[in-house]
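Here is the structure we will look at, set down as structure tokens.
Side chains are part of it too, since the values below use all heavy atoms of this structure and drop only hydrogens, waters and symmetry mates.
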Amino acid sequence: MRSLLLCGILVTLPTALRAQDVETSANNLRTPVEQVGTLEPNFVIMPIPMSNPSIGTGLGVAALAIYQPKGSARPWTSGLGGLYTDSKSWGVAAFQKAYLGGDKYRVTAGAGTGVFNVDFFGIGANAGASGRSIELEQKASGGVLEVLARMREHVHAGLRFRYIKMDSTFNTTSLLPQLQLPDIELQSQVSQLGLSGEFDSRDSEYNPRSGVYANGQWMVADDVLGSDFDYSRLTGAVNGYHTVNDKTVLAWRGSICRSGDGAPFYDLCNYGQSNDLRGYTTGQYRDHAMFAVQAEVRRKIYKRFGAVAFAGVGEVSSEFSKMSTKDLLPAAGIGARFEASTKYHVNVSIDYAVGDGTSALYFYVGEAF
């Protein structure tokens, strides 16, 4: 669960706030979630320093309300967030996660907009490895709506709608051939509708100690939906959590992405996005196929303080069949944790990660996954 700052919705925006895949619930009980009683509302409002290789250094502000309506099996989360960085990038977003009918239905909705001044390296692993880039201004807005219904214990499935509107401008008139893009991709929109599902056996969602969380989405963009491009996009991830002892948890994650032919550059698989992996500039390595695996040790140190150590590896390519072990991109790092909300066990996190010739410092609310 990457930064709750923008509560997951800015997955739809380019190289944005590392705010991805938010799942919400209480972590104050180690019993099945359905047995949790009504909890008092908890509010978290805090500034978040930012140092991100994608959009620069600056400040974000997150405002979260965690509450459990009468009769709800799980706490709901409402969120607002915004940021500004020294690259003159800014963004705002709102988010809502709700559990209806005793967790029979799970509803996620959100929207965001912003201007992001980023480096564009081109498409493909070789383009990313060259380190040559140009400045790109992306004015983006987007939204997502997902409704899932319980199919059986731990399993929910349903529909997801996703919308992106993009206006991109290069801050130079002399482009290298490998950095040129079709005009249609600079000012365009994408509308996608598809299937979504998840398996969730975690003991909690903010800070799990056991269980598995898996999710997948198959989205189709089509002119019938108002999209300027026709293509499909498949994403999936599996997270696992294992209690080592009272103070230590081992967590792991594996993910894949496949963005079909015809996808615009801003909706390709971006290495370093959606929690995969820390240490890389989001968008430096982008292509039609991607995978990433990582593991993390989480340990309580003293009272509300804790620490993590993590490592992972992954790759991007035009096809999964063209991936090679010689092109793997490793990453590793360490981090500190402070339990900002003792009621819901929500951590404030600081991570330092190193990739292949790159490094980055991250400030965020929650855990990486």
Side-chain angles (χ1 to χ4, degrees), residues 1-5 7 17-33 36-37 39-52 57 59-68 75 77 79 81 202-213 239-253 275 277-279 294-312 331-355 359-369:
M1 178 179 55
R2 176 57 71 185
S3 171
L4 294 179
L5 176 59
C7 309
L17 305 180
R18 299 203 55 87
Q20 329 284 322
D21 300 334
V22 172
E23 304 87 30
T24 60
S25 189
N27 185 46
N28 62 318
L29 296 177
R30 296 301 174 191
T31 56
V33 179
V36 176
L39 301 175
E40 293 297 323
N42 193 208
F43 299 93
V44 178
I45 302 175
M46 62 181 302
I48 303 175
M50 301 189 65
S51 181
N52 189 300
T57 301
L59 184 68
V61 177
L64 302 175
I66 308 169
Y67 53 98
Q68 189 166 355
T77 299
R202 295 170 296 177
D203 60 338
S204 68
E205 296 183 38
Y206 277 128
N207 199 346
R209 295 180 58 87
S210 65
V212 172
Y213 177 75
N239 302 344
Y241 308 91
H242 307 274
T243 299
V244 178
N245 54 46
D246 290 344
K247 293 186 176 182
T248 308
V249 172
L250 174 64
W252 54 267
R253 174 179 172 87
N275 317 327
L277 291 158
R278 283 160 284 180
Q294 59 182 311
E296 180 171 288
V297 177
R298 303 171 180 174
R299 183 170 175 82
K300 290 185 177 181
I301 302 299
Y302 178 73
K303 293 186 177 180
R304 296 166 67 177
F305 292 91
V308 303
F310 52 89
I334 57 175
R337 300 290 184 266
F338 176 76
E339 191 176 36
S341 171
T342 57
K343 181 182 295 184
Y344 292 94
H345 300 273
V346 178
N347 287 331
V348 175
S349 303
I350 303 175
D351 290 340
Y352 177 73
V354 177
S359 64
L361 185 66
Y362 303 99
F363 299 86
Y364 54 95
V365 178
E367 296 297 336
F369 57 89

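For the pair R202 and Y213, the cation-pi criterion (under 6.0 Å, within 45° of the ring axis) is fulfilled. Geometric assessment of R298 against the ring of F369 yields a positive cation-pi assignment under the 6.0 Å and 45° thresholds. Within the cation-pi definition used here (under 6.0 Å to the ring centroid, within 45° of the axis), R278 does not qualify as a partner of Y362.
Residue Y352 comes nearest to F310 through the heavy atom pair O-CZ, 3.9 Å, listed as atom of the first residue, atom of the second, then distance. Here the shortest heavy-atom pairing between P75 and I66 reads CB-CG2, 4.1 Å. The shortest heavy-atom contact between G279 and A360 is CA-CB, 4.4 Å. Contact detail for G366 and S349: the closest heavy-atom pair is O-OG, 2.5 Å.
Side chains of F305 and E339 form no contact here, defined as non-hydrogen atoms less than 4.5 Å apart. Between V346 and N207, the closest side-chain pair of non-hydrogen atoms is not below 4.5 Å. Counting heavy atoms from C-beta outward, N239 and V212 have side chains that stay 4.5 Å or more apart.
Taken from CG in L277 to CD in Q294, the straight-line distance is 5.0 Å, to the nearest 0.5 Å. With rounding to the nearest 0.5 angstrom, the OG1 atom of T243 is 10.0 Å from the CG atom of L250. Atom OG1 of T57 sits about 9.0 Å away from atom CZ of F363, to the nearest 0.5 Å.
Not a single side chain to side chain donor-acceptor pair (under 3.5 Å) links R304 to another residue, sequence neighbours left out. T248 is linked by a side-chain contact (heavy atoms from CB on, under 4.5 Å) to V244, N245, V297, R299, counting only residues two or more places apart in sequence or in another chain. Taking D246 as the reference, nothing meets the side-chain contact (heavy atoms from CB on, under 4.5 Å) condition, with sequence neighbours excluded.
Crowding of I334 atom CD1: a count of heavy atoms from other residues, nucleotides or ligands under 6.0 Å not exceeding 12.
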